[in-house]
Each structure stands twice: as structure tokens, then as C-alpha cells.
Amino acid sequence: MQVCILLQCGNLPFRRICKRFGADITCGEMAMCIKLLQGQSSEWALLKRHYTEDLFGVQLEGAFPDTMTKCAELLNQNIDVDFVDINVGCPIDLVYHKGGGCGLMNRLSKLEQIVKGMTSVLDVPLTAKLRTGVHEKVNIAHKIIPNLRDCGLSLVTVSFIEHSAIL
């Protein structure tokens, strides 16, 4: 069983409870790449792993290949994780309007560059969480996934949540 990434409630205490109830895979809450690179302790706290989390990953949000690659390199050198996940699903305006989260689904070239850059510096698998699409009733994930696989992505999780970023 995998505990999906949950903004503002997928924190360490919640993940510990999930482990007690049988979760095999856990993932930290979405961490913003820029804030990690700036050294914000509140953002780094999202990446903490409990010793009971035997298969643990972290999820990064960002919009640009250079900063996402630098962040992946920093994580690779400083924390113990089993995978790193790119957030390609967040519909929050703050993230979407800067080109991150599900905004990356409309910027395939940037997303491909992010995947290639991150896989070149990581020693662990790189995964991504996508939505079925950005606009209501316009599914595009199935068109994007093969490109991401070809760029080196190990796994894709597709969210089938009914609401979309742009209605």
C-alpha cells in the first residue's frame, strides 16, 4: 500500500500512523524547489524521514530545469530517500501560474528537460505525479507519459481527481 502525497496533512506524524496501518511506501509533502535551494528550514522539514519509513520518497515542485536539477543534486548529497517525485499535478494558482505543478503539462519541453537534468544527477529513481489533464474534460496525460519514459522517468502516477486547474 502506498500513501499518496497529501498537501498539509501528509506530514511525518500522519505518515507514521499510516505505517502502523500497513502502508509500504510513503512520500513527504510537496516541497518547493526554490525554497529548498534558499535553505528554508520549514521546507527542509517536509523531507524528514522516520526510521520506520522503509520505502520513502520526496516530492519536488518547480518550473525550471536548472533549479530542479540543482535541487535534485542537493537532495542526492544530503538526504536519505528511495525516490524523488516531480509534482506535475498541483493546480494551486501560486504554483500553476509560475509554470510549475500541472502547468508543466503545458510546457512539455521544459518538463522533459527537468526529467533529463534530474535523472542525470540522482542515484535513486525519479517519478512524477500527473493529473489526467489541465483543463476540464481535456485529458492529455496519455500523450505526455511516453515522452517522460523516454527521458528516463521510472514511474508515473496519474491523479483522476474530478476538478481541474482551469475550468
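This is a predicted model, so every value here is computed, not measured.
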Kindly determine whether L36 and L47 satisfy side chain to side chain contact (heavy atoms under 4.5 Å, CB included), including the steps that lead there. CA-CA 10 Å; L36 291 170; L47 311 180; 3.7 Å; yes
Partner set under salt bridge (Lys or Arg N to Asp or Glu O under 4.0 Å) for D54, not counting sequence neighbours: K19
So if I apply the side chain to side chain contact (heavy atoms under 4.5 Å, CB included) rule between V124 and each of D80, V81, V58, D82, which one comes out positive? V81
Sequence neighbours excluded, which residues qualify as side chain to side chain donor-acceptor pair (under 3.5 Å) partners of [X]?
X   : value
N78 : none
E61 : none
S41 : none

Quick one, R15 with H50, criterion side chain to side chain contact (heavy atoms under 4.5 Å, CB included). Give me CA distance, side-chain angles, the key distance, then yes/no. CA-CA 9 Å; R15 295 192 320 263; H50 190 262; 5.9 Å; no
In Q113, E112, R107, the residue satisfying side-chain hydrogen bond (donor to acceptor under 3.5 Å, both in side chains) with S109 is Q113
Evaluate side chain to side chain contact (heavy atoms under 4.5 Å, CB included) for L130 paired with V156, printing each intermediate quantity in order. CA-CA 7 Å; L130 280 71; V156 173; 3.7 Å; yes
Test item: D85 side-chain N/O and A128 main-chain N/O as donor-acceptor pair under 3.5 Å: yes
N87 side-chain N/O to L60 backbone N/O, donor-acceptor pair under 3.5 Å: no
Evaluate the side chain to side chain contact (heavy atoms under 4.5 Å, CB included) criterion for residues T127 and V84: first the C-alpha distance (whole Å), next the side-chain angles of each, then the deciding distance (0.1 Å), finally the verdict. CA-CA 6 Å; T127 66; V84 174; over 6 Å; no
What pair of heavy atoms forms the shortest contact from [X] to [Y], and how long is it?
X    : Y    : answer
L126 : L122 : CD1-CD1, 3.9 Å
Y96  : C102 : CD1-SG, 3.6 Å
G62  : C33  : CA-CB, 4.3 Å
C27  : F56  : C-CE1, 4.0 Å

Within 6.0 angstrom of R49 CZ, more than 12 heavy atoms from elsewhere: yes
Nearest 0.5 angstrom please: L148 CG to D150 CG, how far? 9.0 Å
Separation between CD1 (I144) and CE (M105), nearest 0.5 Å, reads 4.0 Å
Beyond-backbone contact of Q59 with I86, side-chain heavy atoms, under 4.5 angstrom: no
For L46, what residues pass the side chain to side chain contact (heavy atoms under 4.5 Å, CB included) criterion, not counting sequence neighbours? E29, A31, E43
Name every donor-acceptor pair, under 3.5 Å, that has one atom in a side chain of residues 64-74 and the other anywhere in the protein, sequence neighbours excluded.
from, atom 1, to, atom 2, distance (Å)
T67, OG1, F64, O, 3.2
T69, OG1, P65, O, 2.7

